[in-house]
Amino acid sequence: MSDAPKTSGMTRLRNYFLTGFIVCAPLAITAYIAWSVVGWVDSWVKPYIPARYSPDTYLPFPVPGFGLIVALFLITLIGFLAANIVGRAIVSFGERLLGRMPLVRGIYGSLKQIFETVLSNKGDMFRQVGLVEYPRKGVWSLVFVAGERHTEINEKLDQEGDPLIAVFMPCTPNPTTGFLMYVLKSDIVLLDMTIEDGAKLIVSAGLVAPEVKTKVLTVNGEPINGTLANPPLGSGPQPARSNRTASSRPNK
C-alpha cells in the first residue's frame with residue numbers, strides 16, 4: 001500500500017479555489033484598471049465632441065473607448081503639427097508666454113522636464129537597481145540609481161574619488177512615491193536585476209523576487225549571462241584537429 005497521505009475533499013477544494021484565484025485575480029484587476037482608464041478618458045473627451053460626430057447620438061448605448069480613440073488621434077495630430085517649422089514656432093511662443101507667468105512657469109517647466117526625461121529615448125532615466133543601508137546600519141533598502149551627473153550638490157559635498165549619486169528609494173507597494181537621496185558611490189551595492197524586476201519586488205512587498213542569474217567568467221574574465229549551450233555547427237572557429245589520424249598511428 002502507498003504511504004502517501006490522502007488529501008481530504010475540503011483540502012482539494014481549497015487548493016482548487018486558490019489556483020483559480022491566482023489565475024482570475026490578475027486578469028480581473030488588469031481589466032478593472034484598463035476599464036477605469038478608458039472611462040476616465042471618455043468622461044474628459046466626450047463632452048467636447050460635437051453630437052453629430054459622436055456615435056452615442058445614433059446608438060441606443062454609449063460606445064466605450066471612443067473618447068480614448070479621439071484623444072490618441074488628437075495627441076498624434078498635435079505632435080505632427082509641432083514637428084514642423086510653424087508648429088515649433090507656435091510652441092516656442094507659447095512657452096515664452098508661460099515663462100512670464102510667475103507660478104505657472106515653475107509648474108510647466110518641472111512637468112515638461114519630467115515628461116521629457118521619462119518618455120525620451122536618451123537613456124537619462126534610472127540606470128540600475130542598488131541597495132543602501134537605510135534607515136540604520138545593517139538594514140538595507142532597495143533604490144533606483146540615476147546616472148552620475150555633476151551638479152551643485154556634487155560641487156559642495158563630493159569627496160575625492162567618491163562622488164555623490166542621486167538615488168530614488170521608492171515606497172512599498174506604491175513605487176511612484178518615495179525619497180530622493182544623495183549617497184556616496186562607495187555606499188551603494190549595485191545589483192544585476194533590471195528596473196522592472198526591482199519595481200515588481202517593491203510592488204509585491206518582497207513576494208515576487210527575480211531569479212538569480214549566475215555569471216560565468218570566460219578565460220578573458222568577461223561575464224557570460226544567460227543559458228550556456230554548445231554553439232551551433234559552423235557558428236565559430238572549430239578546434240584544430242590533430243595531425244595524427246587513426247590511419248597514421250603505428251599498429252601495435
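Nearest heavy atom pair, residue L201 against residue M193, reads CD2-CE, 4.3 Å. Across every non-hydrogen atom of Y53 and F66, the tightest pair is O-CZ, 3.7 Å. Shown here for M169 and S141, the closest heavy-atom pair between the two residues is SD-CB, 3.5 Å.
When atom types are taken as modelled, the side chain of T172 and the backbone of A205 share no donor-acceptor pair closer than 3.5 angstrom. In terms of modelled atom types and a separation under 3.5 Å, the side chain of D42 and the main chain of G67 share a donor-acceptor contact.
Put simply, CG on L81 and OG1 on T76 are 11.0 Å apart, with the number rounded to the nearest 0.5 Å. If you take CG on N15 and CE on M10, they are separated by 11.0 Å, rounding to the nearest 0.5 Å. Taking NZ of K112 as the start and CG of L98 as the end, the distance is 10.0 Å to the nearest 0.5 Å. Annotation: the span from I107 atom CD1 to M101 atom CE amounts to 12.0 Å, rounded to 0.5 Å. Taking CG from L142 and CG from L191, the interatomic distance works out to 6.5 Å, rounded to the nearest 0.5 Å. Between I165 atom CD1 and D187 atom CG the span is 10.5 Å, to the nearest 0.5 Å.
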Point to revise | Verdict with supporting geometry, S92 and R88, side-chain hydrogen bond (donor to acceptor under 3.5 Å, both in side chains) | key: CA-CA 6 Å; S92 179; R88 285 198 296 268; over 6 Å; no
Review point. Do V145 and R127 pass the side chain to side chain contact (heavy atoms under 4.5 Å, CB included) test, and can you show the C-alpha distance, the side-chain angles, and the key distance before you say yes or no?
Key: CA-CA 6 Å; V145 183; R127 299 292 183 87; 5.7 Å; no
Review point. Are I188 and V167 close enough, and set up right, to give a side chain to side chain contact (heavy atoms under 4.5 Å, CB included), and what steps lead you there?
Key: CA-CA 9 Å; I188 303 174; V167 300; 3.8 Å; yes
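When the shell of 6.0 Å around NZ of K46 is examined, it contains more than 12 heavy atoms from other residues, nucleotides or ligands.
Residues satisfying the salt bridge (Lys or Arg N to Asp or Glu O under 4.0 Å) test with K185, not counting sequence neighbours, are E148.
L180 forms part of a hydrophobic cluster together with I153, L157, L164, Y182, L184, judged by ILVMFWY side-chain heavy-atom separations under 4.5 Å.
With contacts defined as side-chain heavy-atom distances shorter than 4.5 Å, the pair T11/S8 qualifies. In this structure, the side chains of F144 and I202 come closer than 4.5 Å at one or more pairs of heavy atoms. Looking only at side-chain heavy atoms (C-beta outward), F93 and R96 come within less than 4.5 Å of each other.
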